[in-house]
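Chain naming here is simple, since letters A, B, ... match the order of the sequence lines and numbering starts at 1 in each. Just so you know, these numbers use all the heavy atoms, side chains as well, and skip hydrogens, waters and symmetry mates.
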Amino acid sequence: MADIVSLTDGVGELVRDGDVVALEGFTHLIPHAAGREIIRQGRKDLTLVRMTPDIVYDQLIGAGCARKLIFSWGGNPGVGSLHRFRDAVQHAWPVPLEIEEHSHAGMANRYVAGASGLPFAVLRGYRGTDLPEHTATIKWITCPFTGEELAAVPALNPDVSIIHAQRADRAGNVQMWGLVGVQKEAVLAAGRSLVTVEEVVDELEPVVGQVVLPHWAVTAVAEAPRGAHPSYAQGYYERDNDYYKYWDSIGRDRETFRGWVRDEVLAEGSATEATGDKEGVR
Amino acid sequence: MADIVSLTDGVGELVRDGDVVALEGFTHLIPHAAGREIIRQGRKDLTLVRMTPDIVYDQLIGAGCARKLIFSWGGNPGVGSLHRFRDAVQHAWPVPLEIEEHSHAGMANRYVAGASGLPFAVLRGYRGTDLPEHTATIKWITCPFTGEELAAVPALNPDVSIIHAQRADRAGNVQMWGLVGVQKEAVLAAGRSLVTVEEVVDELEPVVGQVVLPHWAVTAVAEAPRGAHPSYAQGYYERDNDYYKYWDSIGRDRETFRGWVRDEVLAEGSATEATGDKEGVR
Amino acid sequence: MTPAVSTTAASGAQPDYTSDEMMSIAAARALEDGKRCFVGIGLPSTAANVARRTHAPGLVLIYESGTLGSKPDVLPSSIGDGVLAETADAVIGVPEVFNYWLQPGRIDVGFLGAAQLDRFGNINTTVIGDDYADPKVRLPGAGGAPEIAASCREVFVVVRQSARSFVEKVDFVTSVGHGSGKGDREALGLPGAGPTLVITDLGVLRPDPETAELVLTQLHPGVAVDDVRAATGWELRVSDELTRTEAPTAAELSTLRTLKEASQ
Amino acid sequence: MTPAVSTTAASGAQPDYTSDEMMSIAAARALEDGKRCFVGIGLPSTAANVARRTHAPGLVLIYESGTLGSKPDVLPSSIGDGVLAETADAVIGVPEVFNYWLQPGRIDVGFLGAAQLDRFGNINTTVIGDDYADPKVRLPGAGGAPEIAASCREVFVVVRQSARSFVEKVDFVTSVGHGSGKGDREALGLPGAGPTLVITDLGVLRPDPETAELVLTQLHPGVAVDDVRAATGWELRVSDELTRTEAPTAAELSTLRTLKEASQ
């Protein structure tokens, strides 16, 4: 049975300094509220894993939470670059950032292997590219039947995976729909998992396209309304495309970014504490 | 765009003597009407592939259509043995039947590899069992990262896969729901595919739990109402448990079985021709 | 060896239940509330559904046909009945059942039947006879069992006991129990604990903690040790702490019979 | 070499469309009706959606976020917009997109952008500069591109042309075009044909059938060969059969602009 907890407690108990942490959500249902909570709790030395480290990881990287990033595409979708990510890679600011770089197909299969309890996955990938030269977690394997050589990538098994979903019931069964990305795999691959949801309800009405994670496959659930903003939660709110553009102006400059952390992330935490809001987010 | 054809034409054009043929459907949506049509058309030397060769393959084997069976569980679910299958294995009647035997996990992964365009799949399986000694398509492979040894099985890529689904639209988009087994994988792994459906409709209303196969991933669609009987089609009709018991009395004896082929399979074909029913089945 | 209970049949009175009913109810009792149970059809499914309706309402039933958390109101007559999908928390494809849910060790109990079972709990459901290519009896085959037996945290076997089915060594190892004894599973790299409980129509056997040999640890009411010995194809050892199964309660029997009737 | 068209700019008159619009429309025209197209965000998505609304209503759009057959009524501003899922024939998980749909070669056209593109159509979206560990510019990385470039039956690249982006040799091969020339893809075992078309804001380049070197085969209206040469970082060859792109029709322009406005 998954515990129903506050976002503060969920992150506090499940995310530890030095952990390998995956926040997943492919454009849709990105766990932004949880990302800000990690910044507020001052986590350090995280190895962050994510196929598309968009602005949620730009924020964590800029705030100095990460020592390493495992990823396949790091940009601000539809806008341009991730300036905090670039600054960390190019100038080690605020701390050096080691990177481990894959393709989407490789990352997706690494999660699949992790969710499947296998040590590695096989794919037709990377052949002829410069990625294997720089990424030690790409090797080659020979088919025992045909002799063909294929790429192999090791399983991803994060210490903790965090995703956002539309709903959970009071037992902690989680329901999401729309684009579901690699969230199921990320949760099943992880040692612990935290699912933030738009709302906890008495009963999960079936929805076309739903993916349901049973309560016994999830460690904790925290209510976090609008917890995917500025990304979106299908059936709840739309993607805030303006915020992605706005982020470009915040992330571009170190001081502006620091101001954002102070004024929007830390202040969000104080506001929450002051009002005793158990969800921990607006 | 999938062609909409009659069952007779679909089987006639897509299933050829000597083919590797998969009929899939895990308890639910078993393509029985297509199986009977293969018997009527007198196909020979087929390599039949199916995780659970239940009575649909007992019929094809008894009718002498098969020279080989690739499978993981051959029984009459909830009833007992498959007598035609046993007779073929134990007494080579009506023709010898070669077998290639796996576990469900192995078969499922062989389809997954086939659907994925990979030559093999990796699983934690078979270890310590007597299966690898008798099944040449089980080998071992070493993880290039951990050194661990795991089982490897080659991809299944049938010449033709046949499944039954609830509905298709006029473009040939296929919709099924309920237990969906390995049908998607079987179709995607195959060179050609035939989907029999309860009905062809103008528009596919979304259904919770649906799996949709786009028209461009399917070769042909044939309307075959009650085409899964005696198995079931969720939303259309229930499993005919009595028929499974009844089958035990038919399959048990060679002459009774021959009578069934003559009276129920061939007669069904004549009735269809006589009435010009384009669906080809009752 | 001082058995803790009388080793002869307790009473000559005819019980008001069958030995199959005792077996199903003993198996049901073994399932703890809240556990995740991978259910084969037949005896295991009956037992799991009785458990869910008696002491274990939170038992999570997983069927290889692709359902997580099925709550059937009648006994399914196949592992793929519609009622299993309609009442499930989640319906998934068959590859996902095996790859995402079984293989990584998420299932507490694998509940299996057997055609032949040996002294170390190895299971045969493939062929009877020494020659695989020319078997005396061709059985259905492996199905999900080899990987259920490998990956579930523990395995319960439910099987009717006879000298024909309980053999010194199975003709074919379809699913590994304890191999040739203690330590074999670890050596093979099988993650689960293997068969920890074998529930028959006569009693219950458990692996000896030292040797992994199946030992009689429990007798159903009215059954004598000699009855079990006679129905065992190897020299059966009896536990020092042999216990006697409590007879089915009226509630258990009525639940079992209601389920069975509803599924006719 | 006798170019089939005038190699200088056709006219001094100011066109009523931008070079980016010409590029999008030229790219849209290249997409045949009924093809399955794996669409990246930005220029490829714009072009694919214009095609679907003009000559190719049966174009099947596949986005790596997990949609097969999306029919968005506005231009998605990311590859994972809700409108893509809501209008799709099927919504699937990301692993399935890559494993079941892309990898086996089911997709006709992979539609990619590039930060750097070289003479043999190799694509760099990883780093600018010689030192991967200490790059001049860190780019977003691979995303789906390496396997799109490997597995689609053919690849169209849409990219603005400049001497900075069109280089002799890319700093980093993120996605293989034609490697170091004809035959390299076969030697590497890459199943698709690779880049068959590079559509820029100046014209169109195609691989030479003999050498796989990208050659200018088509000029957009108002563009001279020397303009393209100046925007190419290698000694650009021009096809003997150079053609001139037809200017955008009013219908094409209006479709493109309506789409773009609706997505503001």
If you tally heavy-atom pairs under 4.5 Å against chain B, which of C:Ile123, C:Asn99, C:Ile92 wins? C:Asn99
Which portion of B:Met107 sits near chain C, non-hydrogen atoms under 4.5 angstrom: neither
Around atom CZ of C:Arg257, are there more than 12 heavy atoms from other residues, nucleotides or ligands closer than 6.0 Å? yes
Between B:Lys184, B:Gln183, B:Gln234, B:Glu238, who has the most heavy-atom pairs with chain C when the cutoff is under 4.5 Å? B:Gln234
Is any side-chain heavy atom of C:Pro95 less than 4.5 Å from a side-chain heavy atom of B:Asn109? no
What part of C:Asp81 is in contact with chain B, defined as an atom under 4.5 angstrom from a non-hydrogen atom: side chain, backbone, both or neither? both
Pick from B:Ala108, B:Pro53, B:Gly106, B:Gly74: which one has the most heavy-atom pairs with chain C under 4.5 Å? B:Gly74
A side-chain contact here means heavy atoms from C-beta on lying under 4.5 Å apart; do C:Ser175 and B:Thr129 qualify? no
Between B:Asn241, B:Val180, B:Asp242, who has the most heavy-atom pairs with chain C when the cutoff is under 4.5 Å? B:Asn241
Using non-hydrogen atoms only, which part of B:Ser81 is less than 4.5 Å away from chain C: side chain, backbone, both, or neither? neither
Are more than 12 heavy atoms from other residues, nucleotides or ligands located less than 6.0 Å from atom CZ of C:Arg153? yes
Salt bridge between B:Arg127 and C:Glu147, side-chain N to carboxylate O under 4.0 Å? no
From the list C:Pro76, C:Gly143, C:Ala150, the residue making the most non-hydrogen contacts under 4.5 Å with chain B is C:Gly143
Residue part contacting chain B, namely of C:Leu139, when any heavy atom lies under 4.5 Å: both
Should the heavy atoms of other residues, nucleotides or ligands under 6.0 Å from CG of C:Asp131 be counted, would the total exceed 12? yes
Can you spot which of B:His104, B:Glu185, B:Met51 makes a side chain to side chain contact (heavy atoms under 4.5 Å, CB included) with C:Val94? B:Met51
Side chain, backbone, both or neither: which part of B:Phe71 has a heavy atom under 4.5 Å from chain C? side chain
For B:Ile99, is it the side chain, the backbone, both, or neither that has a heavy atom closer than 4.5 Å to a heavy atom of chain C? side chain
Let me know if B:Arg124 has heavy atoms under 4.5 Å from chain C in its side chain, its backbone, both or neither. both
Check whether B:His91 gets within reach of chain C through its side chain, its backbone, both or neither, counting any heavy atom under 4.5 Å. neither
Is it the backbone or the side chain of C:Val170 that comes under 4.5 Å from a heavy atom of chain B, or both, or neither? neither
Comparing C:Val91, C:Val97, C:Leu102, C:Val137 against chain B, the one with the most heavy-atom pairs below 4.5 Å turns out to be C:Val137
Look at C:Gln103, C:Glu86, C:Glu96 and state which one has the largest set of heavy-atom pairs under 4.5 Å with chain B. C:Gln103
Looking only at non-hydrogen atoms, find the nearest pair between B:Arg86 and C:Arg138 and report the distance. NE-O, 2.8 Å
B:Glu133 versus chain C, heavy atoms under 4.5 Å apart: side chain, backbone, both or neither? neither
What residue in B:Gly209, B:Gly80, B:Gly75, B:Ser103 has the most heavy-atom pairs under 4.5 Å with chain C? B:Ser103
Would a 4.5 Å heavy-atom cut-off, applied to side chains only, mark B:Leu131 and C:Phe172 as touching? yes
Please state whether the side chain, the backbone, both or neither of B:Tyr244 comes within less than 4.5 Å of a heavy atom of chain C. neither
Say whether, by atom type as modelled, one donor and one acceptor occur between the side chain of C:Tyr132 and the main chain of B:His134 under 3.5 angstrom. no
Taking the side chain as every heavy atom from C-beta outward, state whether C:Thr67 and B:Leu179 have any pair of such atoms under 4.5 Å apart. yes
Are the side chain of B:Gln90 and the backbone of C:Pro135 linked by a donor-acceptor contact shorter than 3.5 Å? no
Looking only at heavy atoms, which of residues 186-196 of chain C get nearer than 4.5 Å to chain B? C:Leu188, C:Leu190
Heavy-atom pairs under 4.5 Å with chain C, option from B:Pro77, B:Ser231, B:Gly128 with the top count: B:Gly128
